[in-house]
Chemist: 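Can you keep this structure in mind? I'll have questions shortly.
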Number of protein chains: 2
Amino acid sequence: MSDAPSVRNRRPPGERREQILAVATEMFGNAGFRGVSLADIAARVGISQPGLIHHFRSKEDLLIATLERRDAESSGHIEEAFRDSSAIDALLSLCRYNMANPDSVRLYSVESAESLEPGHPAHEFFRSRYSRVRETVAGRVRRDQELGLLPFDIVPFEFAAGVIALMDGLQVQWLLDPSFDMSSVLSAYLERFRK
Amino acid sequence: MSDAPSVRNRRPPGERREQILAVATEMFGNAGFRGVSLADIAARVGISQPGLIHHFRSKEDLLIATLERRDAESSGHIEEAFRDSSAIDALLSLCRYNMANPDSVRLYSVESAESLEPGHPAHEFFRSRYSRVRETVAGRVRRDQELGLLPFDIVPFEFAAGVIALMDGLQVQWLLDPSFDMSSVLSAYLERFRK
DNA sequence: GTCTATACCCGGATAGAC
DNA sequence: GTCTATCCGGGTATAGAC
C-alpha cells in the first residue's frame, strides 16, 4: 500500500527520461516503431501512458530522441578510434564495440529499414546520417592514403559506402544468430585493401 | 453504373491472386507488414477487405506468399548465373538484376529487418533463407577455388556471409538514394578477391 | 510528475447475403 | 468471388484532478 501512486513515486527529471530512453531502445529495436505502443513502453517503465507522454511530446519525438541518444553515446568511442587508428583498425574496433551493445545495434538495424519509407518519422534522420558517416570514413581513408597505409587505387567514397554496407548487413546476420562472428568476416574483407 | 458490384467483377482465380501479390509487394515494401492494413491493399486492388481475405487466410499468409513469390521469380536468374559464371560474375549479375527490380529489393530490405523479432511472421523464413543462401554462395566459391579462379586463402563461408551482407547493406543506401551505384561498390570489393 | 477517464480512430477477422 | 455489416480489440492523444 505504501507503493500506491503518490508524490513519492516521482523521480528526478533527468533520471526518468534516461530510463524511458533505455526501455524505448530495447522495445523499438525489438518490434520497430510501429510494433510497440506507448502503453507497452510505459508499462515496462512502471508508469501510465499519459505519464510517459508527459516527458516526450509524441511517440515520434520519443523515437528520434532514442536514436539521437545512441549516436551521442557512441560518438566518443568513434571519434577516438578514428583519431588514433587507421581506418581499417578503427572500423574493426567499432565492430567489436557494436558486438558489446546489441540493443543499440538492433535499434539501428530495425529503424534504418523501417525508415526507408519517405513519410517515416526517422526518414530524414537516416538519410543525412548515411551521408555524414560516409564522408567521415572517406576522409579517414584519404588520410591513410597520404600516410602510405592504403593504396591510391582505392576510391575513398566507394570504400566508405562498402564498409558501412558490410557492417550493416553483418549486423542483421549476427542479430539472427549471435554465434555469428561479424568481426572475422569484416576483417577478412578489409585486409584485402591493405597496401 | 455498369461497374456496380456484380458477378461481372470476378476475375480468373490465378490472375486476381497475382494482382494482389504485386500490390502487396509494393505496399509491404514501402511501409512494412505492420505499416499497411488489409484495407489499404484491398483498396489498391479495387476490392473490399473481406474480398481480399478470401484469397489468403490471413494477413500473415499474404506476407509469406508475397516473400515466396519473389524468391520463385528470381530463382531462375540466380540458378543460371551460378551455373554459367564464376561466383564474382554471378554476384555482379545478381546485383544488376536487383537494380532492375526495386520493389522486390525494398520488400526484402524492409522485411528482413522487421522480422528480426523472434515472434514476427517472417522470422523463420529469413533465418532459414540466410543459411541456405550462404551455403549456395560458399559452394560456388569452393568450385571456383578448384577451377583456379579464386585463391585458396579465402574461407568460403566468410566470403559468402560478407557478400550477402555487403549486398544487403548497399541496397539500403541505394533505396535511400537511387542515384547511388551499388554495382560499382560491389565490384570494387569483389575484385580484391580475384586470384 | 503522475494519475484516471475518455474521446476518437483504426485494425483484423467473421457472418451471412448475393 | 465479392459485398455490407459488425464485433471486438487496441492505438494516440487530451482533459483535468491530485
Side-chain angles (χ1 to χ4, degrees), chain A residues 1-24 27-28 30-66 111 114 117 119-122, chain B residues 1-24 27-28 30-66 111 114 117 119-122:
Chain A
M1 289 297 164
S2 58
D3 277 353
S6 81
V7 163
R8 291 197 203 93
N9 275 6
R10 286 189 190 171
R11 296 260 211 125
E15 194 185 318
R16 180 65 93 189
R17 202 184 145 89
E18 178 57 26
Q19 184 198 10
I20 292 169
L21 289 172
V23 170
M27 298 189 80
F28 283 146
N30 264 324
F33 179 72
R34 290 191 240 256
V36 188
S37 72
L38 293 174
D40 293 339
I41 297 170
R44 279 272 308 271
V45 170
I47 59 178
S48 68
Q49 183 253 15
L52 173 65
I53 213 67
H54 172 77
H55 296 272
F56 300 88
R57 275 174 193 281
S58 68
K59 194 186 180 188
E60 298 199 2
D61 268 29
L62 174 57
L63 175 67
I64 299 298
T66 304
E111 287 311 317
E114 192 179 25
E117 189 195 8
H120 189 280
Chain B
M1 290 300 165
S2 57
D3 278 353
S6 79
V7 163
R8 290 198 204 92
N9 274 6
R10 287 189 191 171
R11 296 262 211 122
E15 193 184 319
R16 180 67 92 188
R17 201 184 146 88
E18 179 57 26
Q19 185 198 9
I20 293 170
L21 289 172
V23 170
M27 299 189 81
F28 283 144
N30 264 325
F33 180 71
R34 290 191 238 258
V36 188
S37 71
L38 292 174
D40 292 339
I41 297 170
R44 280 271 309 272
V45 171
I47 59 177
S48 68
Q49 183 251 14
L52 173 63
I53 215 66
H54 171 78
H55 295 272
F56 300 88
R57 275 174 194 280
S58 68
K59 196 186 180 190
E60 297 200 3
D61 268 27
L62 173 57
L63 175 67
I64 299 297
T66 305
E111 288 311 317
E114 192 180 24
E117 189 196 7
H120 190 280

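Below, chain A is the first sequence line, B the second, and so on; all start at residue 1. Only a predicted model underlies this, so the values are computations on that prediction, with no experimental measurement involved.
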Chemist: dG1(C) C1' sits how many Å from Phe56(A) CZ, rounded?
Modeler: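 Answer to the nearest Å: 14 Å.
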Chemist: Not counting sequence neighbours, which residues clear side-chain contact (heavy atoms from CB on, under 4.5 Å) with Leu38(B)? List them please.
Modeler: Gln49(B), Leu52(B), Ile53(B), Lys59(B), Leu62(B)
Chemist: Any donor and acceptor pair, going by atom type alone, linking the side chain of Asp40(B) with main-chain N or O of Ser37(B) inside 3.5 Å?
Modeler: yes
Chemist: Return the value, rounded to whole Å, for the distance between atom CD1 of Ile41(B) and atom P of dA13(C).
Modeler: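 About 11 Å, once rounded to whole Å.
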Chemist: What is the distance from CG of Leu62(B) to P of dG12(C), rounded to the nearest Å?
Modeler: 11 Å
Chemist: Would one find a side-chain N or O of Ser48(A) under 4.0 angstrom from OP1 or OP2 of dC3(C)?
Modeler: yes
Chemist: Round to a whole Å and report the spacing from CD of Glu60(B) to P of dG11(C).
Modeler: 17 Å
Chemist: Distances under 3.5 Å only, N/O to N/O: pair up the protein atoms with those of nucleotides 8-12 of chain D.
Modeler:
residue, atom, partner, partner atom, Å
dT12(D), OP1, Lys59(A), NZ, 3.0
dT12(D), OP2, Leu38(A), N, 2.9

Chemist: Starting from P on dG12(C), measure out to CG on Leu63(B) and report it in whole angstrom.
Modeler: 12 Å
Chemist: Can any side-chain N or O of Glu114(B) pair as donor or acceptor with the backbone N or O of Arg34(B) at less than 3.5 Å?
Modeler: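 Yes, because the side chain of Glu114(B) sits within donor-acceptor range (under 3.5 Å) of the backbone of Arg34(B).
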Chemist: Would you mind telling me which of dT4(D), dG1(D), dT2(C) lies closest to the side-chain atoms of Ile47(A)?
Modeler: dT2(C)
Chemist: Report yes if at least one side-chain N or O of Arg34(B) is closer than 4.0 Å to OP1 or OP2 of dG11(C); otherwise report no.
Modeler: no
Chemist: Nearest whole Å is fine: how far is dG11(C) P from Leu52(B) CG?
Modeler: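 To the nearest whole Å, that distance equals 13 Å.
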Chemist: Separation of Ile53(A) atom CD1 from dG16(D) atom P, in whole Å?
Modeler: 18 Å
Chemist: NE2 of His54(A) versus P of dC18(D): gap in Å, rounded?
Modeler: 18 Å
